[in-house]
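Just below is one structure, and these are the notes that go with it.
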Amino acid sequence: MAKEITTRAADYSQWYLDVVAAADLAEHAAVKGCMVIKPTGYAIWEMIQGHLDKMFKATGHVNAYFPLFIPESFMKKEAEHVEGFAPECAVVTHGGGKKLDEPLVVRPTSETIIWSAYKNWIQSYRDLPILINQWANVVRWEMRTRLFLRTTEFLWQEGHTAHATAEEAEEETLKILDVYRRFAEEYMAAPVFYGVKTESQRFAGALRTYCIEAMMQDRKALQAGTSHNLGQNFARAFDVTFQNEQGKLELVYATSWGVSTRLIGALIMTHSDDKGLVLPPRLAPIKAVLVPIWKEDSEREMMLAKARALTSGWEESISFKIDDRDQYRPGYKFNEWEKKGVPLRIEMGPKDVEANQVVLVRRDTGEKIAVPQENLLARIEALLEEMQHNLFVRARAFRDANTFHVDRYAELAEQIEKPGGFFWVHWCGSPDCEARFQEEHKATIRLVPIDEEKEEGACIVCGGRSGQRVLVAKSY
RNA sequence: CGGGGCGUAGCGCAGUCCGGUUAGCGCGCCUGCUUUGGGAGCAGGAGGUCCUGAGUUCAAAUCUCAGCGCCCCGACCA
């Protein structure tokens with residue numbers, strides 16, 4: 001028998017690895033730190049891509065593709081950027097059996113190669129804005145990796161936009177932040193806090209970095225998406241100017257933003273349980289599996305025919321599967337589909353046929369519901385929506401129950417270690433005070449809220465004046 | 001880069017300390033029969049550069065030396 005899934009209580013991080021294996025999402029590749037995304041895992045990525053891509057297009061973006069390789073000198077043009085990324089770059093020094101004149105960096109992110117192209121594309125304010133996204137792989141030579149959460153190579157989308165004004169760039173940055181927030185909440189059923197990063201957590205080369213932060217079941221934070229206002233930094237580095245309406249030359253304003261296969265890790269750690277993966281219906285590649293049950297071979301044919309008849313025409317509405325495999329018994333199938341996170345199981349045996357019903361089993365609650373066969377598809381679609389909503393509400397309740405307002409450093413120090421969670425605390429804005437959480441508790445300021453009501457208070461570290469609370473947590 | 005662990009069948013492991021028949025076990029896989037409403041049972045079967053290299057020895061999965069690789073926990077990061 002396959003390995004049992006370690007419980008979350010026993011060993012959270014082993015549980016995570018076990019769920020990835022049990023659901024057959026991915027495995028370690030022959031290359032250190034890299035993973036093979038298996039068909040079941042990749043199908044989830046395709047769901048994520050599909051919905052996000054629509055959202056990007058609905059907000060005026062188009063897709064394009066830029067090279068994997070970046071001349072080393074490009075990376076060095078923006079001072080902060082190279083400083084931030086140099087330590088984690090993979091560099092190609094040879095090609096075609098010869099040493100290259102100039103080494104090529106395997107992109108850790110594509111700002112530099114893209115802005116070198118934008119330089120040629122932009123002359124006038126009439127060429128702006130440029131609203132481009134690309135779906136790509138990137139490589140970051142991280143010290144320590146974890147399947148989906150941090151791998152040497154990962155898949156992502158990166159948006160790179162160019163604008164004529166600072167206001168427009170800021171508007172774009174916030175617009176995408178909102179797309180990410182909506183995607184997290186409406187599709188991933190993952191409630192997120194959003195806000196701006198402190199200087200120490202900012203993207204290398206950005207003016208401002210906005211982010212969404214989700215709480216995992218071990219109460220740690222996971223950065224699920226970032227949107228950067230790059231100001232004129234990259235335009236300056238690549239000399240990208242345009243003539244404005246008054247005929248004056250100006251540097252172009254830029255944004256960049258991305259989410260990655262890490263979202264699959266977020267999905268796992270937000271909803272899954274000790275039986276395996278739990279997927280929100282909107283992102284589940286297979287929404288429902290019908291398991292027909294029979295006793296004898298003669299019944300098998302009859303049950304399969306009934307199953308096919310019952311589901312005829314469903315293809316147009318939902319993706320589902322009839323598990324007609326004869327080599328496994330129903331119990332095995334029930335377990336397998338639960339491990340894989342299929343939202344809804346439809347059981348149909350001779351007894352159900354007789355009663356003109358089927359039994360629906362919800363993955364989120366385990367609840368079994370006998371329902372009539374009439375209008376089954378509509379019933380299922382409604383149930384899937386209910387489950388989607390239920391998962392969100394459940395995750396939000398968990399997050400809120402583990403989010404606290406604290407005002408004393410001793411209290412923060414104690415609670416962040418023991419139960420853990422998110423902590424709203426006052427902070428004076430000093431990097432020294434910020435560094436103290438980090439050094440003493442390995443906790444960081446996840447974000448500074450942008451839409452919360454302001455509140456006067458005293459910095460939890462130094463007692464200095466604070467105009468608002470910030471979110472502190474341990475993170476992935 | 002520090003700390004820990006591991007490398008023997010597709011997966012998980014025993015055997016290694018103390019060298020010695022034909023290298024085992026569980027799961028999975030193949031064949032057949034019986035089964036099928038919560039991880040089926042029996043019978044038969046296939047499957048191995050014991051991580052690599054060198055050495056010691058009559059004899060190495062086991063001892064010695066060197067190397068390689070991976071995983072887990074920390075520091076760095078999406």
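Naming convention: chains lettered A, B, ... in sequence-line order (proteins, then strands); numbering from 1 in each chain. Computed over heavy atoms, backbone and side chain alike; hydrogens, waters and symmetry mates excluded. Predicted, not measured: the structure shown is a model, and the values here were computed from it.
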TODO: Starting from P on C77(B), measure out to NZ on K220(A) and report it in whole angstrom.
DONE: 15 Å
Task: Whole angstrom value for the distance that separates P of C76(B) from CZ of R144(A) - done: 13 Å
TODO: State whether the side chain of S430(A) and the backbone N or O of C433(A) hold a donor-acceptor pair below 3.5 Å, judged by distance alone.
DONE: yes
- [ ] With C1' as the reference atom in both, quote the distance from A40(B) to G28(B) in angstrom, rounded to an integer.
- [x] 15 Å
Open item on the list: Under the rule for salt bridge (charged side-chain N to carboxylate O under 4.0 Å, His left out), what residues qualify as partners of E142(A), not counting sequence neighbours?
Closed with: none
Open item on the list: For F154(A) together with W156(A), are the ring centres under 6.0 Å from each other?
Closed with: yes
Task: C1' atoms of U52(B) and A60(B), separation to the nearest Å - done: 15 Å
TODO: Sort out the partner of C77(B) for me: Watson-Crick or G-U wobble, both distances under 3.5 Å, none otherwise.
DONE: none
- [ ] Round to a whole Å and report the spacing from OH of Y476(A) to C1' of G74(B).
- [x] 14 Å
Open item on the list: Taking the ring centre of each residue, are Y332(A) and W337(A) less than 6.0 Å apart?
Closed with: no
TODO: Could you state the atom-to-atom distance from CH2 of W141(A) to C1' of A78(B) in whole Å?
DONE: 17 Å
Task: Separation between the C1' atoms of A75(B) and C1(B), rounded to whole Å - done: 8 Å
TODO: Would you mind reading off the distance between L147(A) atom CG and C72(B) atom C1', rounded to a whole angstrom?
DONE: 12 Å
Task: Rounded distance in Å between the C1' positions of A66(B) and G74(B) - done: 29 Å
Open item on the list: Without decimals, in angstroms, what is the distance between D24(A) CG and G28(B) C1'?
Closed with: 13 Å
TODO: Name all residues meeting the side chain to side chain contact (heavy atoms under 4.5 Å, CB included) criterion together with E434(A); count only those two or more places apart in sequence or in a different chain, and write none if there are none.
DONE: T198(A), S200(A), Q201(A), W427(A), I445(A)
TODO: Indicate the ring-plane relationship of F193(A) and F422(A), choosing parallel, tilted or perpendicular according to the 30° and 60° boundaries.
DONE: tilted
Task: Residue pairs involving residues 196-221 of chain A (criterion ring-ring contact (aromatic ring centres under 6.0 Å, His included); sequence neighbours excluded) - done: H81(A)-F203(A), F85(A)-F203(A), F203(A)-H228(A)
TODO: Using Watson-Crick or G-U wobble geometry with both distances below 3.5 Å, tell me the partner of U31(B), or none.
DONE: A43(B)
TODO: Determine the contact category for G33(A): base if any of its heavy atoms lies under 4.0 Å from a base atom, sugar-phosphate if only primed atoms, P, OP1 or OP2 are that close, otherwise nothing.
DONE: sugar-phosphate
Distance-only donor-acceptor pairs under 3.5 Å for side chains of residues 29-48 of chain A, two or more places apart:
from: K38(A); atom 1: NZ; to: D24(A); atom 2: OD1; distance (Å): 2.8
from: T40(A); atom 1: OG1; to: D24(A); atom 2: O; distance (Å): 3.4

Polar-atom pairs under 3.5 Å, protein N or O versus N or O of nucleotides 32-38 of chain B: list them with distances, or write none.
from: U36(B); atom 1: O4'; to: R329(A); atom 2: NE; distance (Å): 3.3
from: U36(B); atom 1: O2'; to: W294(A); atom 2: O; distance (Å): 2.5
from: U36(B); atom 1: N3; to: W294(A); atom 2: NE1; distance (Å): 3.4
from: G37(B); atom 1: O6; to: G349(A); atom 2: O; distance (Å): 3.4
from: G37(B); atom 1: O6; to: P350(A); atom 2: N; distance (Å): 3.2
from: G37(B); atom 1: O6; to: K351(A); atom 2: N; distance (Å): 2.8
from: G37(B); atom 1: O6; to: D352(A); atom 2: N; distance (Å): 3.3
from: G37(B); atom 1: O6; to: D352(A); atom 2: OD2; distance (Å): 3.4
from: G37(B); atom 1: N1; to: D352(A); atom 2: OD2; distance (Å): 2.4
from: G37(B); atom 1: N2; to: E347(A); atom 2: OE1; distance (Å): 3.3
from: G37(B); atom 1: N2; to: D352(A); atom 2: OD2; distance (Å): 3.1
from: G38(B); atom 1: N7; to: K368(A); atom 2: NZ; distance (Å): 3.0
from: G38(B); atom 1: O6; to: R345(A); atom 2: NH2; distance (Å): 2.4
from: G38(B); atom 1: N1; to: E338(A); atom 2: OE1; distance (Å): 3.4
from: G38(B); atom 1: N1; to: E338(A); atom 2: OE2; distance (Å): 2.8
from: G38(B); atom 1: N2; to: E338(A); atom 2: OE1; distance (Å): 2.6

Task: For G48(B), the Watson-Crick or wobble partner whose two distances fall under 3.5 Å - done: none
- [ ] State the pairing partner of U62(B); accept Watson-Crick or G-U wobble contacts with both distances under 3.5 Å, and report none otherwise.
- [x] none
- [ ] Sequence neighbours left out, what passes salt bridge (charged side-chain N to carboxylate O under 4.0 Å, His left out) with R219(A)? Give chain and number order.
- [x] none
TODO: Give the ring-plane orientation class for F238(A) versus F74(A), where under 30° counts as parallel, over 60° as perpendicular and anything between as tilted.
DONE: perpendicular
Open item on the list: Categorize S13(A) for me: base, sugar-phosphate, or nothing, with a 4.0 angstrom heavy-atom threshold over every strand shown.
Closed with: sugar-phosphate
Open item on the list: Between A61(B) and G15(B), how many Å separate the two C1' atoms, rounded to a whole number?
Closed with: 8 Å
Task: Neighbours of RNA chain B within residues 177-215 of chain A, by heavy-atom distance under 4.0 Å - done: none
TODO: Could you state the atom-to-atom distance from OH of Y16(A) to C1' of C71(B) in whole Å?
DONE: 15 Å
- [ ] Please figure out whether R146(A) or G225(A) has its closest RNA chain B nucleotide nearer the 5' end.
- [x] R146(A)
TODO: Using atom OH of Y12(A) as one end and atom C1' of C73(B) as the other, report the distance to the nearest whole Å.
DONE: 17 Å
Task: Distance, P atom - from C29(B) to C11(B), rounded to whole angstrom - done: 15 Å
Open item on the list: Please classify the nucleic acid contact of L149(A) as base, sugar-phosphate, or nothing, using heavy-atom distances under 4.0 Å.
Closed with: base
- [ ] Would you mind pulling out the nucleotide paired to C25(B), Watson-Crick or G-U wobble, both distances under 3.5 Å?
- [x] G12(B)
TODO: Considering only atom C1', compute the distance from C27(B) to A9(B) and round it to an integer number of Å.
DONE: 12 Å
- [ ] Look through every strand shown and name the nucleotide pairing with U57(B) as Watson-Crick or G-U wobble, where both distances are under 3.5 Å.
- [x] none
- [ ] Would you indicate what S260(A) reaches in the nucleic acid, counting non-hydrogen atoms under 4.0 angstrom: base, sugar-phosphate, or nothing?
- [x] base
Open item on the list: Categorize R300(A) for me: base, sugar-phosphate, or nothing, with a 4.0 angstrom heavy-atom threshold over every strand shown.
Closed with: nothing
- [ ] Hunt down the Watson-Crick or G-U wobble partner of C68(B), both distances under 3.5 Å, from any strand shown, or write none.
- [x] G7(B)
Open item on the list: Please report the distance separating the P of C65(B) from the corresponding atom of C18(B), rounded so that it comes out in whole Å.
Closed with: 14 Å
Task: Test side-chain hydrogen bond (donor to acceptor under 3.5 Å, both in side chains) applied to S73(A) - qualifying residues, sequence neighbours left out - done: E102(A)
Open item on the list: Enumerate the ring-ring contact (aromatic ring centres under 6.0 Å, His included) contacts for residues 253-294 of chain A, please, sequence neighbours excluded, ordered by first and then second residue.
Closed with: F56(A)-W257(A), H61(A)-W257(A)
